[in-house]
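In this text, all values refer to a predicted model and were calculated from it rather than measured experimentally. Heavy atoms only: backbone and side chains are in, while hydrogens, waters and symmetry mates are out. Protein chains get the first letters and strands the later ones, always in sequence-line order, with residue 1 at the start of each.
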Amino acid sequence: MDRYTPSLIEPKWQAYWAAHHTFKTPEDPALPKKYVLDMFPYPSGAGLHVGHPEGYTATDIYCRYLRAKGYAVLHPMGWDAFGLPAEQYAIQTGTHPAITTQKNIATFKRQIQALGLSYDWDREIDTTDPQYVKWTQWIFLQLFKRGLAYQTETPVNWCPALGTVLANEEVIDGKSERGNHPVVRLPLRQWMLRITAYADRLLDDLGMVEWPDSTKTMQEEWIGRSEGAEVNFPLADGQGSLEIFTTRPDTLYGVTFMVIAPEHPAVATLTTPEQRAAVDAYVETARNRSDLDRKAAKEKTGVFTGGYAIHPLNGQRVPVWVADYVMMGYGTGAIMAVPAHDQRDFEFARKFGIPVIQVVSADGKLIEDDMTEAMVEQGVAVNSGPYDGLSTAEFKRKVTDDLEAKRQGKGRIEYRLRDWVFSRQRYWGEPFPIYFPVETSGDPRKGDAHTIRYDQPIPLDESELPLRLPDLKDFNPGEDPAGTLARAVDWRFFQKDGKWFARETNTMPQWAGSCWYYLRFMDPKNPAAAWSREAAQRWLPVDLYVGGAEHAVLHLLYARFWHKVLLDSGYVQVPEPFAKLVHQGMILGEVEYTAFRVNGAWVPKEQVVAHPEGGYRHKVSGEEAVPERISEEATEKKGPHIVLKAEPSITVEARAFKMSKSRGNVINPDEVIREHGADALRLYEMFLGPLEATKPWSTTGIQGVSRFLERCWNLGQKPVSAAAPNDELLRLLHKTIRKVGEDIEALRLNTAISAMMILLNELAKADPLPRQGVETLVRLLHPFAPHLAEELWEGLGHAPSLQAVAWPAFDPALCVDAQVVVAVQVGGKMRGTIQLAPGATQDEAVAQARTLDSVQRHLEGKTLRKVIWVQDKLLNLIAG
RNA sequence: GCGAAUGUGGCGGAACUGGUAGACGCACUGGAUUUAGGUUCCAGCGGCUCAGGCCGUGCGGGUUCGAGUCCCGCCGUUCGCACCA
């Protein structure tokens with residue numbers, strides 16, 4: 001008997017599928033469609049990670065299943081190939097990023113193909129391909145023409161180490177998300193995309209998609225809509241007014257001071273000569289404070305400007321302070337401070353001795369003298385003149401109307417969401433299809449004096465797309481914040497009709513390519529349009545989108561934004577791009593065992609506590625505890641603990657960590673395939689647990705599924721009988737068909753596999769082995785372990801490919817057992833089981849249950865008071 | 001601090017609308033076949049036990065004939081957000 005040898009059968013079937021275009025997207029418009037998409041990878045130099053195949057295998061199983069169910073399936077793959085690593089490599093080595101990128105793509109493609117994934121490779125996309133860049137630029141022009149792309153001189157997050165500006169969301173705790181470099185604020189000319197214009201729709205339309213609640217919540221919070229009012233406080237000196245935003249206009253009578261951000265333009269006009277020096281010093285300090293410092297500060301700081309505003313309702317003079325707890329970037333950069341009902345204002349007022357006036361009360365009583373913190377709950381208005389007695393909600397409504405009538409304010413909706421900083425000062429990105437007039441009397445390429453009129457951007461004509469990157473030798477961003485491309489003077493400056501013009505030297509961020517790749521996949525080779533109207537009508541929306549939760553906000557929000565712009569322009573017809581979204585969980589490294597030593601002697605892990613500043617401490621002595629990695633062989637289980645074999649009183653910690661190069665726990669898919677085969681890798685990753693869960697890799701665990709595949713193989717080598725399966729096996733076949741199908745549709749792939757394992761265990765016992773049984777197993781196995789399934793199918797005398805064979809059907813009548821096992825309880829406690837025909841009556845069940853010894857024992861001397869009967873499941877006898 | 005997710009054997013995990021907790025697999029133990037095994041097959045495998053049972057799904061309460069599942073209050077872990085007015 002031949003042995004199961006994945007290294008022989010896997011390449012064979014991969015070659016077969018490629019030669020026969022097995023996974024080519026069907027053109028037939030009569031077939032029902034499904035568009036199943038994986039988040040395409042950035043082809044890094046490190047190659048594929050075991051995390052990648054997890055989501056890819058899940059969608060592959062789903063697609064193979066859908067094809068067998070008769071769907072036309074669009075399942076493409078491509079490369080998100082612009083990005084910093086290739087450029088940084090280029091800076092170090094001088095290798096052009098395009099070369100590195102192509103090399104990495106080749107590696108990724110080889111690795112992905114070795115997994116036997118059923119992509120339609122005719123639709124492969126590379127975001128750096130000029131034919132793709134052309135349409136990315138074209139979409140930018142649509143945004144520009146609709147007034148959604150604009151330039152602004154704005155303080156941006158400049159990262160000197162990366163030589164680039166980062167979006168707010170790419171900065172975490174004052175450091176760059178990529179590389180963890182310090183970030184400073186620097187005013188720079190930037191392209192912005194007006195995503196805030198779509199804030200409401202991006203928020204509301206979340207109701208239309210089937211996404212994880214956690215992701216929807218994160219997007220909602222990111223957009224951060226809050227309803228309130230804008231109120232004008234006239235300045236006491238009669239010069240204009242101060243506009244504030246508040247979500248609590250009902251607390252207007254509690255205003256005892258106002259605060260403006262240090263960057264607020266009114267700082268200059270409000271500050272009195274006496275206060276000037278103090279204010280200037282404060283503003284200067286605040287400006288130099290990084291976001292990190294501002295955040296870390298526990299104490300509120302601020303300075304009185306000396307200026308006053310007039311309260312719009314009671315006409316009182318309100319002092320205006322400047323403090324950095326108010327941000328210029330949110331609302332109007334100025335607030336009315338209500339210390340009684342806002343914790344931040346409360347802290348500030350207490351520190352600077354400003355009065356606190358309570359204007360909301362839970363029960364009508366005043367507690368302001370005893371306040372230790374702000375009362376932020378809603379309630380009933382007090383101390384509020386004509387509004388006394390109103391509920392918070394009524395007050396808000398009424399006072400907003402009143403202010404509007406007096407032209408002193410109006411209802412306003414504010415968003416946390418900011419416009420999107422869309423330019424980068426880098427080389428390896430899409431150039432903007434924009435140029436500017438140049439005022440010069442010489443030749444700007446030669447360094448002659450010139451002025452670029454950035455205020456007069458001109459869109460490139462569509463016929464001139466794509467605008468390609470210039471070929472450079474030195475990719476360093478250099479000191480010029482205008483970007484790497486500023487040095488490519490021959491590319492940058494050009495003459496038209498005798499006049500000089502300058503191209504935009506910024507490039508687009510990596511998001512640009514990934515914002516619309518799902519659209520290009522529908523019609524990837526179209527030379528005349530980004531995609532055709534017919535393709536959009538045929539394929540949108542994406543029915544299932546699978547990718548990491550790390551993209552929960554940014555990529556998914558940006559893509560939705562572009563999609564809605566394209567909807568408004570008439571290029572797509574559905575409001576949301578991704579109907580259903582699933583995040584695959586992370587695969588952690590193998591479990592590691594750690595024991596701790598204090599002064600050289602082992603201590604149990606319970607005595608060790610993590611120190612807030614890193615490292616570990618001994619709980620008892622307070623001395624440093626030194627962690628030491630222990631091999632699995634040196635440990636054993638003892639009751640509920642894992643202990644050192646050599647010293648069983650010492651408990652050890654067992655934990656899995658994120659895979660990382662530095663930790664040395666990275667599993668390479670190539671090696672797993674070499675040792676166990678692609679089918680085993682696929683199956684193992686699916687069997688590990690629920691798709692969405694974070695789960696640790698286990699090298700011994702993969703042997704379990706390897707063994708399962710071998711046993712499937714061995715079954716396929718046995719002679720089969722044409723005889724029908726016996727009744728019990730037949731029922732199991734039908735139940736398994738139903739279970740596997742339902743589980744695939746719900747992406748519960750782990751339980752689908754265990755159902756197939758159960759079926760295999762039964763088939764292995766069957767003698768003779770019915771052909772129908774083996775064939776059913778092979779057909780069910782096909783989406784999961786396609787190479788083995790194809791091989792076995794061929795061995796059973798069928799012509800390939802199994803993908804063309806319809807998914808097996810089940811008979812619901814055969815999905816129930818001939819006899820059901822019913823649980824018998826006495827007083828709610830399990831006392832045994834009885835076998836009954838499905839549909840048996842309660843009386844039959846009670847009669848049979850009474851014959852059980854354990855039931856008789858517990859009913860002895862008692863009378864039966866009540867019977868709980870759950871049809872075909874459970875009988876509970878209550879006695880007393 | 002706020003928000004979300006999550007907690008079940010030694011391990012990964014099962015358990016449909018409240019109804020036999022631990023499916024399936026790993027590891028482990030015993031046995032059979034084998035020259036050999038990182039092979040195959042069979043059996044066992046939550047804890048305690050006076051062998052009848054008792055206890056057991058992070059902890060403490062509650063609802064119910066019956067709770068992993070529902071309710072209330074805690075604790076741990078993970079992930080977001082973090083002076084958003």
Exercise for review: Using heavy atoms to find the nearest nucleotide of RNA chain B for A/G331 and A/I878 separately, return the residue whose nucleotide is more 5′.
Suggested key: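 Here A/I878 is the residue nearer the 5' end.
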Check your understanding: Which residue, A/V822 or A/V553, contacts RNA chain B at a nucleotide closer to its 5' end, judged by nearest heavy atom?
Key ->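 First, find each residue's nearest nucleotide; the 5'-ward one identifies A/V822.
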Could you check whether [X] gets within reach of a base, just the sugar-phosphate, or nothing at all, counting any heavy atom under 4.0 Å?
{"X": "A/T833", "result": "base"}
{"X": "A/N761", "result": "sugar-phosphate"}
{"X": "A/P212", "result": "nothing"}
{"X": "A/D342", "result": "nothing"}
{"X": "A/I868", "result": "base"}
{"X": "A/V821", "result": "base"}
{"X": "A/T332", "result": "nothing"}

For [N], does either OP1 or OP2 sit under 4.0 Å from a side-chain N or O belonging to [X]?
{"X": "A/T247", "N": "B/rC84", "value": "no"}
{"X": "A/K873", "N": "B/rG66", "value": "no"}
{"X": "A/N750", "N": "B/rA14", "value": "yes"}
{"X": "A/R416", "N": "B/rA82", "value": "yes"}

**Study point:** Under the 3.5 Å Watson-Crick or G-U criterion, the dot-bracket string of RNA chain B, with | for inter-strand pairs
**Key:** (((((((..(((......[....))).(((((.......))))).(((....)))..(((((..]....))))))))))))....
Nucleotide nearest [X] when distance is taken to its side chain, options [options]:
{"X": "A/R831", "options": "B/rG53, B/rC26, B/rA82", "answer": "B/rG53"}
{"X": "A/M218", "options": "B/rG80, B/rC83, B/rA85", "answer": "B/rG80"}
{"X": "A/E221", "options": "B/rC83, B/rG3, B/rA23", "answer": "B/rG3"}
{"X": "A/F245", "options": "B/rG12, B/rU20, B/rA85", "answer": "B/rA85"}

[atom1] spacing across the pair [N] / [M], given as an integer number of angstrom:
{"N": "B/rG58", "M": "B/rG68", "atom1": "P", "value": "10 Å"}
{"N": "B/rC59", "M": "B/rG7", "atom1": "C1'", "value": "11 Å"}
{"N": "B/rC2", "M": "B/rG18", "atom1": "P", "value": "31 Å"}
{"N": "B/rG47", "M": "B/rG56", "atom1": "C1'", "value": "7 Å"}
{"N": "B/rC48", "M": "B/rC74", "atom1": "C1'", "value": "29 Å"}
{"N": "B/rA14", "M": "B/rU77", "atom1": "P", "value": "23 Å"}
{"N": "B/rC41", "M": "B/rG46", "atom1": "C1'", "value": "27 Å"}
{"N": "B/rG10", "M": "B/rC45", "atom1": "C1'", "value": "11 Å"}

Point to revise | Closest contact, heavy atoms only, A/E227 versus A/F245 | key: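 It is C-CZ, 4.4 Å.
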Exercise for review: Step by step, work out the side chain to side chain contact (heavy atoms under 4.5 Å, CB included) result for A/V322 and A/H264.
Suggested key: CA-CA 9 Å; A/V322 54; A/H264 198 286; over 6 Å; no
Within the sub-3.5 Å range, which N or O atoms of nucleotides 37-43 of chain B have a protein N or O partner, and how far apart are they?
{"unit_1": "B/rG38", "atom_1": "N2", "unit_2": "A/E675", "atom_2": "OE2", "d": "3.2"}
{"unit_1": "B/rG38", "atom_1": "N2", "unit_2": "A/Q703", "atom_2": "NE2", "d": "3.4"}
{"unit_1": "B/rC41", "atom_1": "OP1", "unit_2": "A/R711", "atom_2": "NE", "d": "2.9"}

Review point. Is the count of non-hydrogen atoms from other residues, nucleotides or ligands lying under 6.0 Å from A/K410 atom NZ greater than 12?
Key: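 Result for NZ/A/K410: open.
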Review point. Distance under 6.0 Å and angle within 45° of the ring axis: does A/R663 meet both against A/F657?
Key: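 Yes, A/R663 sits over the ring of A/F657.
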Review point. Does B/rG9 fall in syn (glycosidic angle within 90° of 0) or anti?
Key: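 Syn.
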Residues 871-880 of chain A, side-chain donor-acceptor partners within the protein, below 3.5 Å, at least two apart:
{"unit_1": "A/Q871", "atom_1": "OE1", "unit_2": "A/W869", "atom_2": "NE1", "d": "3.4"}
{"unit_1": "A/Q871", "atom_1": "NE2", "unit_2": "A/A840", "atom_2": "O", "d": "2.9"}
{"unit_1": "A/D872", "atom_1": "OD1", "unit_2": "A/G839", "atom_2": "N", "d": "2.9"}
{"unit_1": "A/D872", "atom_1": "OD2", "unit_2": "A/G839", "atom_2": "N", "d": "3.4"}
{"unit_1": "A/N876", "atom_1": "OD1", "unit_2": "A/G828", "atom_2": "N", "d": "3.0"}
{"unit_1": "A/N876", "atom_1": "ND2", "unit_2": "A/Q825", "atom_2": "OE1", "d": "3.4"}

Practice item. Could you tell me the separation between the CZ atom of A/R865 and the OG1 atom of A/T863, rounded to the nearest 0.5 Å? Key: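 Answer rounded to 0.5 Å: 4.5 Å.
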Exercise for review: Could you tell me the separation between the CG atom of A/L760 and the CZ atom of A/R711, rounded to the nearest 0.5 Å?
Suggested key: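 CZ of A/R711 is found 4.5 Å from CG of A/L760.
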Check your understanding: When the ring centroid of A/F348 is compared with that of A/F257, is the distance short of 6.0 Å?
Key ->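 Between A/F257 and A/F348, which both carry aromatic rings, the centre distance is below 6.0 Å.
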